[in-house]
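Structure first, then comments.
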Amino acid sequence: KIKKGFVLIKLKADYIVTLNEKYEIIKDGEILFEKKILKIGRKLKDDTPCIYLGKNSVIMPALINTHTHLEFSSNNTHLEYGDFMVWLNSVLEHREELFHNCKSECYKSAIEEMKKSGVCAFGQISSTGNDLKYLKHSPLKVVYFNEIIGSNPAAVDMIFQDFLLRLKESEEVTNEKFKVGVSIHSPYSVHPILAQKVIDIAKEKKLPIQTHFMESKAERKWLTKGEGEFKLFFEKLTEKDFTPSSSDNNISAIWITIVIQGGTKVAVKGPKDSLLIGSFNFEYFAVTLSTCFQYKKALSCGKFLEYGKI
């Protein structure tokens, strides 16, 4: 049945999970939709032919995977798990190889896996822009977050120009199913000048921002006290003593200030410990906190997020 250029479809299932305010489950329910859902209920009064999905069938809203790194989809045994810092070092060691090995079929396979899991839309964190040609025609909806990473003051201008080029290329293919955002990798890996520049762009263009924040106890210790495993990590990386000045010892508070003052939508990926940082309470800010049970379990990042505390 055609209505306003769209096909009217009515489906019937043994159960419809509504996820409305009351979390109702409708037994022997029906759903009528075209481009958008028009009606949900039982024995809908509409002459559109009904398609029954079979015994024990369930209809529920599709899922959204807000934070993906599909550029790493070629990983099988390259990365090490069990500890955040061990994992991070393995990422740095194999990053370029994994990026190089993920081509068209690699992305198609990753997207197909999400589809089978009930995902209809995802947020892709893009480090290089090499994934754009594979994702701009994705069958799923995409918010494509151009990521910036780099803390070397001498390379700030070069990194920023590369970011601008990738952002421009992604904006040129924006459509109804493909939207653009920005990602500031993390407070320990992005120079404050770069972070501010990117946030200014996001504010001007009204783009959503994603960032990693407080993903491990090691990161929290580094950002609040300037010590611990991340200190050793940076000393190994730079081959010199790496001690933040006293004014930098609460980088976490500075980071929140920079991001929040951007005045745009912010998605923060981190664990339970990121709810209260210094004197900043997330209750007052427009922040979406995203956490991953599988990730936290694989990297031993502590207890799962306690939603009641939010």
Side-chain angles (χ1 to χ4, degrees), residues 1-68 70 73 107-125 134-145 170 173-181 206-210 264-269 283 286-295 304-310:
K1 186 175 179 181
I2 307 296
K3 182 181 179 182
K4 296 179 181 178
F6 295 98
V7 178
L8 269 175
I9 299 174
K10 183 160 66 174
L11 301 178
K12 180 178 180 179
D14 288 353
Y15 302 94
I16 294 181
V17 181
T18 63
L19 291 186
N20 60 14
E21 293 81 0
K22 297 180 181 179
Y23 292 94
E24 292 176 292
I25 296 177
I26 303 173
K27 193 173 186 306
D28 298 323
E30 297 176 350
I31 179 168
L32 181 70
F33 66 96
E34 43 173 23
K35 186 178 181 182
K36 295 182 178 180
I37 294 174
L38 303 176
K39 296 178 183 178
I40 300 176
R42 298 182 75 247
K43 298 180 180 179
L44 298 177
K45 294 180 179 180
D46 185 274
D47 59 359
T48 303
C50 189
I51 303 171
Y52 175 52
L53 299 181
K55 186 178 180 180
N56 297 325
S57 54
V58 178
I59 296 176
M60 63 171 283
L63 305 175
I64 299 173
N65 191 340
T66 60
H67 190 102
T68 66
L70 299 189
S73 294
Y107 287 104
K108 286 181 181 178
S109 176
I111 291 172
E112 190 61 31
E113 183 178 347
M114 285 193 285
K115 283 175 63 179
K116 289 180 179 179
S117 300
V119 171
C120 71
F122 63 96
Q124 163 66 356
I125 312 300
Y134 303 118
L135 300 182
K136 62 184 179 181
H137 299 305
S138 164
L140 306 182
K141 291 184 177 181
V142 183
V143 180
Y144 187 83
F145 293 91
S170 61
V173 297
T174 299
N175 56 48
E176 188 179 38
K177 292 178 63 176
F178 187 95
K179 306 298 181 184
V180 172
K206 295 182 171 56
L207 301 177
I209 302 174
Q210 283 218 39
T264 186
K265 294 180 180 178
V266 183
V268 180
K269 185 173 181 290
E283 176 184 353
V287 174
T288 300
L289 184 66
S290 174
T291 189
C292 175
F293 296 153
Q294 185 179 12
Y295 163 90
F304 292 142
L305 184 69
E306 298 177 42
Y307 288 100
K309 290 187 177 181
I310 299 180

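Position 1 is the first residue of the sequence; numbering continues from there. Bear in mind the structure is a predicted one, so any value in this text is a computation, not a measurement.
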State, with a plain yes or no, whether a side-chain heavy atom of Val17 is found less than 4.5 Å away from one of Leu19.
-> yes
To the nearest 0.5 Å, how far apart are CZ in Arg42 and CD1 in Ile16?
-> 10.0 Å
Inter-residue atom distance Lys136.NZ - Lys177.NZ, 0.5 Å rounding = 15.0 Å
Close side-chain approach of Phe122 to Thr66, heavy-atom, < 4.5 Å = no
Phe33 vs Leu11 side-chain heavy atoms within contact, under 4.5 Å | yes
When rounded to the nearest 0.5 angstrom, what distance separates SG in Cys120 from CE in Met114?
-> 10.5 Å
Does Glu113 pair with Lys116 as a salt bridge, N-O distance under 4.0 Å?
-> no
Indicate yes or no for a side-chain donor-acceptor contact from Gln210 to the backbone of Gly181 under 3.5 Å, with no hydrogens or angles considered.
-> no
Can you find a pair of side-chain heavy atoms, one from Ser117 and one from Leu63, that are under 4.5 Å apart?
-> no
Within the distance-only criterion (no hydrogens, no angle test), does the side chain of Ser138 pair as donor or acceptor with the backbone N or O of Leu140 below 3.5 angstrom?
-> yes
To the nearest 0.5 angstrom, please state how far the CG atom of Leu32 sits from the CG atom of Leu44.
-> 6.5 Å
Under a 4.5 Å cut-off applied to non-hydrogen side-chain atoms, are Tyr144 and Val173 in contact?
-> no
Of all heavy-atom pairs between Thr48 and Leu8, which one has the smallest distance, and what is that distance?
-> CG2-O, 3.8 Å
Please indicate whether Tyr52 has more than 12 foreign heavy atoms, meaning atoms of other residues, nucleotides or ligands, lying under 6.0 Å from its OH.
-> yes
Decide yes or no on side-chain contact (heavy atoms from CB on, under 4.5 Å) for Ile40 and Asn20, but give the supporting numbers first.
-> CA-CA 11 Å; Ile40 300 176; Asn20 60 14; over 6 Å; no
With a 4.5 Å limit on heavy-atom distance, are the side chains of Asp46 and Glu30 in contact?
-> no
List the atom pairs, with distances to 0.1 Å, where a side-chain N or O of residues 55-62 and a protein N or O form a donor-acceptor pair under 3.5 Å, not counting sequence neighbours.
residue, atom, partner, partner atom, Å
Ser57, OG, Asp14, N, 3.1
Ser57, OG, Gly54, O, 2.6

Please list, chain by chain and in numerical order, all residues satisfying ring pair (Phe, Tyr, Trp, His ring centres under 6.0 Å) with Tyr107, sequence neighbours excluded.
-> Tyr134
NZ/Lys141: more than 12 non-hydrogen atoms of other groups inside 6.0 Å | no
Return yes if some donor-acceptor pair links the side-chain N/O of Thr174 with the main-chain N/O of Lys179 below 3.5 Å, else return no.
-> no
Could you walk me through whether Ile26 and Ile31 pass the side-chain contact (heavy atoms from CB on, under 4.5 Å) test, one step at a time?
-> CA-CA 10 Å; Ile26 303 173; Ile31 179 168; over 6 Å; no
Where the side chain of Thr18 meets the backbone of Glu24, is there a donor-acceptor pair that is under 3.5 Å apart?
-> yes
Give a yes or no answer on whether the side chain of Gln124 reaches the backbone of Leu70 with a donor-acceptor pair at less than 3.5 Å.
-> yes
Euclidean distance, Lys39 NZ relative to Lys10 NZ, rounded to 0.5 Å | 8.5 Å
